[in-house]
Amino acid sequence: MNKMKRGSEVVHDHEVAGKKKKSEKIFIRGTVILMKKVKYAFNDIEIEATKFGQGVTLQLVSAENANPENILEAKIEPPVHVEKNEKSPFKDITFRVTFEWNEDFGTPGAILVRNFHYGVKFYLKIVTLEAAPGRDLIHFICNSWVYDDNVYNPNVRVFFSNKTYLPYEMPEALRKYRVEELKILRGNGEGELNEWNRVYDYALYNDLGDPDSDKKLTRPVLGGTDKYPYHRRGRTSRTPSKSDATTESRKFPRNSRFNIYVPRDEQFGPLKKSEFEKNNSKAFFHGFIDKITATVFNGQFDSFEEVDKLFINGNFPWPQVIEADNTKPPTAWRTDEEFAREMIAGQNPLLIRRLQKFPPSSKLDPEVYGHQHSSITQQHIEQNIEGLTVEEALKSNRLFILDHHDTVIPYLWKINNDTSTKTYASRTLLFLQDDYRLKPVAIELSLPKEKDYKSGVVSKVYTPAEKGVEGSIWQLAKAYVAVVDTGHHQLISHWLNTHAAIEPFVIATNRQLSVVHPIYKLLHPHYRDTMAINALAREILVNADGLVEQTFYPAKYSMEMTSEIYKKWNFLDQALPNDLKNRGIAVEEINSVDDIDQLLIKDYPYAVDGLKIWFAIKDWVREYCQFYYKTDEMVQEDPELQDWWKELVEVGHGDLKDEPWWPKMQTLEELIYSCTIIIWIASALHAAVNFGQYAYGGYSPNRPTQSRRFMPEKGTPEYALLKKKPEKAFFETITPKLQCLVGMTLVEVLSQHSSDEVYLGQRDPDWTTDAKPVEAFKAFQNRLAEIEEEILSMNMDKTWKNRVGPVKVPYTLLFPTGEVGLSGKGIPNSISI
């Protein structure tokens, strides 16, 4: 009788009665799932599904038994073709596959995949094997593009099962594949990289300038020198510029995007790319007519009503900062309360710090910059601090400062004299009221006296006023603060400290940690799309004459300024509890959510929600890491982990490799803390500074990106205009119309959540076979759900005035689950936009 196993049915093959029994044959069925082509996206599957299986083979690799003919290699089953596809959900294409299996083969630990279809690529999501006797379902999580075997060397792709192994735990039969796969991903540092390559390597930021097009577009190479230290980026292998061999050429097809190499699996998926292109086209289209008008007819807005027409006429969506304001034109955004509230609940809530010395002082070298200390006096502020003396306000922790002095001064002379910008370094002093609202009490605007800076600065102090020309001057003073704060937000808080900071971690993780390593599995979801969006940023945003230089006040000095500030970057300071302690927002250490009450500003939405998210991440990371590493010695003796951290410090952030604050990666606690920081940067920190950009910056008067002239002085025509037509004078000072429209369009695109977004607490099912990590991740998900309820409850509680503010915008930037579009809420796992 003939018998065969299909699913749970087992039948045996025997010879006729009286003859010797043959060996048993067992057949294992499986499914192969591919990503389906997305409408409007690029055609990434270019062959009919019925013919597809004829040119794709899979082979099982044993995790337990060696090849009898070569004990150094695993036992491998003969290749089998995938069978015709089944009906499947619209997003995926499902094929069947049947493997012949014998008990002496053991448990499959890997699958070898070959694609014989010349010129065809497909995205392989997962291969699942039905249970063999005594074994569970086996999942091979692939999530990778497979090109035809002509482009691979070796010409086969290997995918491991979802078991997790530290290096010493890896079955001997599979170790060869683990080592060879990492070698492929590292590459050899040479040769051209093509779209099908999977090489992760490092390079300097030498692709920002474009001297071949115009000498004026020359920019310094960032990274590799003491003068311009920087993070590393992914190597692209583009040829050098003809006019400057130290920079990469920028020969891109006209009106084309995504031209810079990143490893294929780091590129946007078809759905994300399709939506991004449509959102990009839509945003720039609905600003197109206004841009033409701005260029041809009028260089600036003349009134707030003129700005409002952009939204009334449907040219742009309503930004949240004015959407709920029933006054015409909106006025809530102009209040001192809202100006201060956005420092703790707006798009850049990371900089305000407690003032511990009066008057404020500078840390700039006086030998280079002369006298830089503040000229704010007690007389300037004591009338606005509720009857306290300055000394009493300091002792009671009631004075705070938004300080944009030391970061701006070193470049301010060049910016004001070599670009169209006319702006100031600023210091803004604020007083903490009994209900934890902040109010500004003084703004100091400063300019260098001379080009060589040694003569120090000339400063002027402005204090609050509501009416007349004094009120108009106070509004302008706040606008100058917003200009430098918006520039700092985009260049430092957003680009430098999230996008650029995380890319070396993406590269090092893929080069040094196997996909089956527990720390790879922990961190990998937090790297999705980061290299792709960073490459696109270097292509059109942060490059010479890119959108950032066109839009923000430092202009051609934008990226150079980020290099100067990177000199003081500290990995440990990116941890939220450390950041709050360093800024004086907390006096004592914050070691758990129970310590949130130690915040001096109790109603600090970013800090309160952020600490809850931080400790939820840390608790999850702790449970996860402690499952795999029982002792400090296990951390020290993990060769992949040690190589990962060594390369990250010495290469990825090599310009800061000698800084003493780097964790040594010798203890389990260092591993837990470091992984928590990485996940925090990639998820919550980026969400906090990215997805509120249109909500607050979509209304340009609230967050102007440029200023074109200095504060009007008495006796000048500018002062007379300010007195007679304050709105016109305001718009003649801040961002011109064209740059305003470009900036609004830019932040609209950057603030979008895509439909394929993966949020914090979400990941592929069946990502591991280990039960305890799965339980720990479920606990993490439950805690995030609790935090969502807490955020909603606090936003409804009128006790917490800073959570909504005069503009009636609830603080939801750290609400874990998001919605598609300009929702202003949601924490994606990774920096994906």
Side-chain angles (χ1 to χ4, degrees), residues 28-35 44 52-53 55-64 73-82 92-99 101 105-117 120-130 132 135-149 151-165 170-171 173-185 196-200 263-266 269 509-510 513-518 520-521 524-525 528 763-769:
I28 304 177
R29 296 294 302 271
T31 58
V32 179
I33 299 180
L34 277 58
M35 179 193 297
D44 288 314
F52 177 78
V56 177
T57 64
L58 283 72
Q59 292 177 269
L60 295 180
V61 181
S62 175
E64 299 169 354
E73 295 184 355
K75 193 168 187 178
I76 304 175
E77 290 287 8
V80 298
H81 292 271
V82 297
D92 298 326
I93 303 172
T94 302
F95 293 86
R96 299 291 289 179
V97 65
T98 303
F99 296 97
W101 180 84
F105 180 81
T107 302
I111 282 183
L112 304 181
V113 179
R114 288 191 69 179
N115 172 15
F116 295 94
H117 293 296
V120 172
K121 55 186 177 291
F122 58 88
Y123 188 85
L124 180 59
K125 298 183 72 172
I126 185 172
V127 177
T128 300
L129 301 184
E130 295 176 2
R135 291 165 174 83
D136 296 327
L137 289 173
I138 302 176
H139 301 284
F140 300 83
I141 310 294
C142 307
N143 289 330
S144 183
W145 286 97
V146 178
Y147 282 69
D148 69 84
D149 63 359
V151 304
Y152 290 131
N153 183 24
N155 59 4
V156 64
R157 291 290 308 278
V158 60
F159 297 100
F160 297 100
S161 73
N162 60 340
K163 287 186 68 65
T164 305
Y165 299 104
M170 193 77 175
L174 296 177
R175 289 186 183 180
K176 166 191 170 183
Y177 295 100
R178 181 171 183 154
V179 172
E180 288 181 349
E181 181 72 357
L182 285 173
K183 185 177 180 181
I184 290 170
L185 294 173
W196 53 82
N197 288 124
R198 302 165 55 232
V199 172
Y200 295 79
R264 186 64 181 92
D265 291 341
E266 301 298 334
T509 301
N510 282 279
L513 298 180
S514 167
V515 295
V516 298
H517 194 286
Y520 178 96
K521 290 193 175 187
H524 185 256
R528 180 176 182 257
R763 63 182 305 161
D764 286 334
D766 304 312
W767 58 278
T768 183
T769 59

Could you tell me if [Y] and [X] have a donor-acceptor pair between their side chains, going purely by distance under 3.5 Å?
X: Thr128; Y: His139; result: yes
X: Thr98; Y: Arg29; result: yes
X: Asp265; Y: Asn143; result: no

Do [X] side-chain atoms and [Y] backbone N/O form a donor-acceptor pair below 3.5 Å?
X: Lys521; Y: Asn162; answer: yes
X: Arg157; Y: Trp145; answer: yes
X: Tyr520; Y: Asn510; answer: no
X: Asp764; Y: Ile141; answer: no
X: Glu64; Y: Thr107; answer: yes

So, using side chain to side chain donor-acceptor pair (under 3.5 Å) as the criterion, who are the partners of Ser514 when residues are at least two apart?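 In terms of side chain to side chain donor-acceptor pair (under 3.5 Å), with neighbours along the sequence ignored, Ser514 is linked to no residue.
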Side chain to side chain donor-acceptor pair (under 3.5 Å) partners for Asn197, two or more places apart: none
Ionic contact status for Glu130 with Arg96, cut-off 4.0 Å: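 Judged by the 4.0 Å cut-off on N to carboxylate O distance, Arg96 and Glu130 do form a salt bridge.
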Where is the tightest heavy-atom contact between [X] and [Y], given as atom of each residue plus distance?
X: Tyr152; Y: Trp196; result: CE2-O, 4.0 Å
X: Ile184; Y: Val199; result: O-CG2, 3.9 Å
X: Ser161; Y: Val516; result: O-CG1, 4.3 Å

Check step by step if salt bridge (charged side-chain N to carboxylate O under 4.0 Å, His left out) holds for Lys121 and Asp148. CA-CA 6 Å; Lys121 55 186 177 291; Asp148 69 84; over 6 Å; no
Can you find a heavy atom in the side chain of [X] that is under 4.5 Å from one in the side chain of [Y]?
X: Leu34; Y: Lys125; value: no
X: Trp767; Y: Pro525; value: no
X: Phe122; Y: Met35; value: no
X: Phe160; Y: Phe140; value: no
X: Phe105; Y: Leu60; value: yes

Check salt bridge (Lys or Arg N to Asp or Glu O under 4.0 Å) between Glu77 and all other residues, then give those that pass, not counting sequence neighbours. none
Applying salt bridge (charged side-chain N to carboxylate O under 4.0 Å, His left out), run through Lys176 and Glu181 and close with a yes or a no. CA-CA 9 Å; Lys176 166 191 170 183; Glu181 181 72 357; over 6 Å; no
